[in-house]
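Since this is a predicted model, take the numbers as computed values, not measurements. Numbering of residues begins at 1 and proceeds along the displayed sequence.
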Amino acid sequence: MKRKIGLALGAGAARGYAHIGVLKVLDEEKIPIDFIAGTSIGALMGAIYASGISAKEMEELVLNLDRRKTTSFFTPTLPYSGLVEGKRITEFMKSIIGNPNIEDLKIPFAAVATDVMSGREVIFTKGSTIEAVRASISIPGIFTPCKYNENFLVDGGLVNPVPVNCVREMGADFIIAVNVLPSPERGTHKLRMKGEEKQFPTSPITSEIVNTRLSQFLRPVKNVIENPFITLTGKLKTIRETPSIFTVILQTIAITEHQILNLQLKSSKPDILIEPEVGFIKPLEFYRGKEGIVEGERATRLVLSKYDLFCRR
């Protein structure tokens with residue numbers, strides 16, 4: 001009896017481009033995917049793939065995104081509940097897949113979001129695909145929350161960074177999970193003070209340490225992705241010595257997500273775990289798609305070489 005293969009794609013902002021590399025290799029190896037569950041960037045990539053767009057086509061779309069185009073997705077609107085409204089991202093997604101319901105996608109799909117008031121996990125398995133993805137990618141403090149049935153939803157990574165349990169509940173009996181979140185140590189080891197030894201810390205890095213080192217030792221931020229406080233004419237009035245609010249929020253959330261992920265993977269282990277080494281890509285460097293995709297391919301080939309690909313056609 002043929003196994004039902006589920007794919008769990010995790011959170012990680014721009015590092016999530018590695019998901020495309022993973023999907024490319026799965027396509028090349030003719031490994032069929034029966035279910036997809038995604039969180040945050042994983043929901044975005046998963047929804048596009050589930051709509052019928054191939055990984056190769058996704059790669060072509062991403063490689064056409066330069067700094068200017070990706071920056072436009074994060075133009076600050078300064079609403080009271082977030083810095084970015086997110087409308088341009090949803091419009092971009094609509095231009096790719098239209099506005100289908102989840103039930104109409106070619107592969108059964110689920111997106112994970114978080115109820116910001118209750119902390120409850122919200123799983124979308126029907127309704128508007130665009131709305132589900134918009135909720136799942138709503139990084140707190142950056143994107144405004146997505147209102148849904150009188151609730152306000154934000155990034156699913158806060159409760160389920162890599163939704164292994166979700167895709168299992170969909171019916172998968174063999175699960176491939178993709179984690180693009182680097183450990184806090186590897187994601188922040190370059191923030192050492194001058195003169196510190198070049199080694200990973202032996203004790204956990206807390207958000208307080210990260211924020212302190214970011215504010216004191218990072219070089220001035222010189223592009224709009226790392227610093228949203230730029231005039232519409234593109235002229236930088238002041239170079240801030242501290243990191244942008246985007247950077248601080250994203251790094252703090254990443255630390256929390258990684259801790260949650262470690263706990264979840266102990267209780268709900270996937271059959272195959274792919275972990276591309278994409279910590280060198282900053283969370284908002286969405287113009288570095290090629291590097292992320294290449295690393296996703298490398299990591300997937302390495303992992304699959306150790307398994308009997310029973311699922312090849």
Please determine, by modelled atom types, if Ser305 and Arg301 share a side-chain donor-acceptor pair under 3.5 angstrom.
no
Can you name the nearest heavy-atom pair linking Gly10 to Val180, along with the distance?
O-CG2, 4.3 Å
Could you check whether Glu297 pairs with Lys24 (Lys NZ or Arg NE/NH1/NH2 to Asp/Glu carboxylate O, under 4.0 Å)?
yes
Check residues 146-153 and write down every donor-acceptor pair under 3.5 Å in which the side-chain atom is one partner and the other belongs to a residue at least two apart or another chain.
none

Considering non-hydrogen atoms only, spot the tightest contact between Ile175 and Val164 and give its length.
CD1-O, 3.7 Å
Considering only heavy atoms from C-beta outward, does the side chain of Ile272 approach that of Leu304 to under 4.5 Å?
yes
If you group Ile, Leu, Val, Met, Phe, Trp and Tyr by side-chain heavy-atom gaps below 4.5 Å, do Val178 and Ile33 land in one group?
yes
Checking Thr129 against Arg134: is there a side-chain donor and acceptor pair closer than 3.5 Å?
no
What pair of heavy atoms forms the shortest contact from Ala50 to Phe109, and how long is it?
CB-CB, 4.1 Å
Side-chain heavy-atom pair Lys126, Asn101 within 4.5 angstrom cut-off
no
Rounded to the nearest 0.5 Å, what's the gap from CG on Asn179 to CG on Leu9? Could you check?
11.0 Å
Between the main-chain N or O of Ile281 and the side-chain N or O of Arg15, is there a donor-acceptor pair closer than 3.5 Å?
yes
When clusters are formed by joining ILVMFWY residues with side-chain heavy atoms under 4.5 Å apart, either directly or through shared neighbours, do Ile53 and Leu63 land in the same one?
no
Separation between CD1 of Ile36 and NE2 of His19, rounded to the nearest 0.5 Å:
11.0 Å
4.5 Å side-chain heavy-atom contact, Arg298 and Glu277
yes
To the nearest 0.5 Å, what is the distance between CD on Glu169 and CZ on Phe35?
12.0 Å
Kindly compute the distance separating CD1 (Ile130) from CD (Glu91), expressed to the nearest 0.5 Å.
10.5 Å
For the residue pair Val159 and Val122, establish whether any side-chain heavy-atom pair is separated by less than 4.5 Å.
no
So do Ile253 and Ile139 actually touch side chain to side chain, heavy atoms under 4.5 Å?
yes
Are Thr114 and Arg120 side-chain neighbours, meaning at least one heavy-atom pair lies under 4.5 Å?
no
Please name the pair of heavy atoms, one in Ser128 and one in Asn99, separated by the smallest distance, quoted to 0.1 Å.
OG-OD1, 3.4 Å
Short side-chain donor-acceptor distance under 3.5 Å, Ser268 and Arg168:
yes
Check whether Val112 and Phe124 end up in the same hydrophobic cluster, where Ile, Leu, Val, Met, Phe, Trp and Tyr are linked by side-chain heavy atoms less than 4.5 Å apart.
no
Can you list the steps and then say if Glu57 with Ser54 is a side-chain hydrogen bond (donor to acceptor under 3.5 Å, both in side chains)?
CA-CA 5 Å; Glu57 291 171 319; Ser54 70; 3.3 Å; yes
Decide yes or no for Leu158 and Pro140: does some side-chain heavy atom of the first lie under 4.5 Å from some side-chain heavy atom of the second?
yes
Shortest non-hydrogen contact from Leu181 toward Pro161:
CD1-CB, 4.0 Å
In terms of hydrophobic clusters joined by side-chain contacts under 4.5 Å, are Val167 and Ile176 together?
no
How far apart are the closest heavy atoms of Pro270 and Leu265, and which atoms are they?
CD-CD2, 3.9 Å
Counting C-beta onward and ignoring hydrogens, is there a side-chain heavy-atom pair between Tyr49 and Asp27 closer than 4.5 Å?
yes
Please tell me whether Leu7 and Ile31 are part of a single hydrophobic cluster in this structure, the criterion being side-chain heavy atoms less than 4.5 Å apart.
yes
Under 3.5 Å, is there a donor-acceptor pair between the Asn160 and Thr39 side chains?
no
Are any of the side-chain nitrogens in Asp173 or Lys2 under 4.0 Å away from the carboxylate oxygens of its partner?
no
